[in-house]
Amino acid sequence: MDDSRFTHRTVWLEPDGRTVGILDQTRLPFETVNVALKTSTDAEIAIRDMLVRGAPLIGAVGAYGLALALAEDASDTGLAAAYDRLHATRPTAINLRWALDDVRARVAGLAPTARVDAAYARAREIADEDVAINRAIGENAFGLIETRHKAVGGNRPVNILTHCNAGFLATVGWGTALAGIFMAHARGLPVHVWVDETRPRSQGAYLTAWELREAGVPHTVIADNAGGHLMQHGQVDMCIVGTDRVAANGDVCNKIGTYLKALAAFDNGVPFYVALPYPTIDWRVADGVRDIPIEERSPTEVTQVRGRLPDGAVADVTVIEGSAAANPAFDVTPGRLVTGLITERGVCVASGEGLRGLYPERAAAE
Ligand SMILES: CSC[C@H]1O[C@H](OP(=O)(O)O)[C@H](O)[C@@H]1O
């Protein structure tokens, strides 16, 4: 299958070998705008303000951000300061720390004059590795979708609910939760996707729906509160979502509202899967519900909505006036509510034992 439709459209290195190109996801689906990151501050702002978002993608952009920073100051002090600035942009997705740790380890022992090239080389490897990993996740997810298709009679589309955006826009390519869906559609296995709009930033309505439209995958956007009703009435055959951090015990941190979908799925016997690449596993966190930091974002993301006005202009409109608003950006689903974790190495139970079975060397090394 042609990878190009699902890869290298979110972040790339410009021909000058230093400038980092990104697709500005805050403008989608209304406009397609590319942005050039020329400084480490550009990279910081891009991650913090969610021009790029999605755990694997912010890891890749964080890696390039460190390379941009080393081009400005390759000293030990400069490296440490840049690491801290980039790490502080978003606290929940573990891929950012993973990527910054990886690049720092790669360059720390080098002479400052050798650090920039080494950092860019490693950032490129991280980006390319993400595409390969997600393709493998897609194959493993495709197998589950194919099995589900047979289980529901094999004569109708598999109805899959997803939350937020874990498509190629959340990664360097293919996506995680959507990768298997793209493959199923391309291979003629009929699927239909229920797309949670995913307030307050509406990554589902703005980004997942855009990806599925582009790929021609049948889908229906729904209010976040509709999923439980659809599950109660047999309209959902399985759920597949992404994640920003999986704890060593299998607890899953993902966009706010995921926990509620997992509860509804558990109550209705709907298989609930979470797709993730190995950098999303945080072996240092023993209990996800207790220990994973939850990002609190600006209340304006709740009180304002971006849309297209009748005259065609795109604007932010205030929909809540005079009231306080709270905006926790993630929640944590206990592993007991998760049917399986879909990784590049296969599918496992959402538990410490399940994860160690797939990654024996990682558990030992962490
Ligand atoms: C494949 S990671 C996707 C994951 O990231 C999203 O968070 P955000 O858009 O705030 O970066 C969301 O939790 C997705 O499930």
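Just follow the structure's listing: the first ligand is 1, and inside any ligand the first atom is 1. These values consider heavy atoms only, across backbone and side chains, with no hydrogens, waters or symmetry-generated copies. For the single chain, residues carry numbers from 1 onward in sequence order.
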Q: Quick test: of every protein heavy atom, which one is nearest to atom 5 (O) of ligand 1, and how far off is it to 0.1 Å?
A: D244 OD2, 3.0 Å

Q: Show the numbers, then the answer: is there a side chain to side chain donor-acceptor pair (under 3.5 Å) between T176 and N134?
A: CA-CA 6 Å; T176 55; N134 297 335; over 6 Å; no

Q: Identify, by atom number and element, the atoms of ligand 1 in contact range of Q203, meaning under 4.0 Å from any of its heavy atoms.
A: 8 (P), 9 (O), 10 (O)

Q: Measure the distances from the heavy atoms of V241 to every atom of ligand 1 and state whether one is below 4.0 angstrom.
A: no

Q: Between E125 and R106, does at least one N-O distance fall below 4.0 Å, as a salt bridge requires?
A: yes

Q: Where the side chain of S75 meets the backbone of G78, is there a donor-acceptor pair that is under 3.5 Å apart?
A: yes

Q: Does any N or O of ligand 1 fall below 3.5 Å from an N or O anywhere on G54, backbone included?
A: yes

Q: Counting non-hydrogen protein atoms only, what is the nearest one to atom 3 (C) of ligand 1? Give residue, atom name and distance.
A: N165 O, 3.4 Å

Q: Would R115 and E72 count as a salt bridge (charged side-chain N to carboxylate O under 4.0 Å, His left out) if you check the C-alpha gap in whole Å, the side-chain angles of each, and the deciding distance to 0.1 Å?
A: CA-CA 11 Å; R115 287 176 172 176; E72 298 153 5; over 6 Å; no

Q: Determine, using heavy atoms of T243 and all atoms of ligand 1, whether some pair is separated by less than 4.0 Å.
A: yes

Q: Taking NZ, NE, NH1 and NH2 as the nitrogens, is one of them in R345 or E361 under 4.0 Å from a carboxylate oxygen of the other?
A: yes

Q: Heavy-atom contact under 4.0 Å between P56 and ligand 1?
A: yes

Q: Could you tell me whether ligand 1 has any atom less than 4.0 Å away from a heavy atom of M50?
A: yes

Q: Which is closest to atom 8 (P) of ligand 1 in terms of heavy atoms, R245, R201, H163, R90?
A: R90

Q: Taking NZ, NE, NH1 and NH2 as the nitrogens, is one of them in E301 or R306 under 4.0 Å from a carboxylate oxygen of the other?
A: no

Q: Pull out every atom of ligand 1 sitting under 4.0 Å from any heavy atom of R53, numbered as shown with elements.
A: 6 (C), 9 (O), 11 (O)

Q: Starting from atom 15 (O) of ligand 1, which protein heavy atom do you reach first, and at what distance in Å?
A: N254 OD1, 2.5 Å

Q: In Å, rounded to the nearest 0.5 Å, how long is the span from NZ of K255 to CD of Q203?
A: 5.0 Å

Q: Can a donor-acceptor pair be found, under 3.5 Å and without considering hydrogens, that links the side chain of W194 to the backbone of Q235?
A: yes

Q: Report yes if some N/O of T171 lies less than 3.5 Å from some N/O of ligand 1; otherwise report no.
A: no

Q: At a 4.0 Å threshold, what atoms of ligand 1 neighbour a non-hydrogen atom of A55?
A: 2 (S), 5 (O)

Q: Taking the minimum heavy-atom distance to atom 1 (C) of ligand 1, which of T176, I256, L169 ranks first?
A: T176

Q: Do N165 and T198 come close enough that some side-chain heavy atom pair is under 4.5 Å?
A: no

Q: Note the single closest protein heavy atom to atom 12 (C) of ligand 1, along with its residue, its atom name and the distance in Å.
A: C164 SG, 3.3 Å

Q: Determine, for D101 against R284, whether the closest basic-nitrogen to carboxylate-oxygen distance falls under 4.0 angstrom.
A: yes

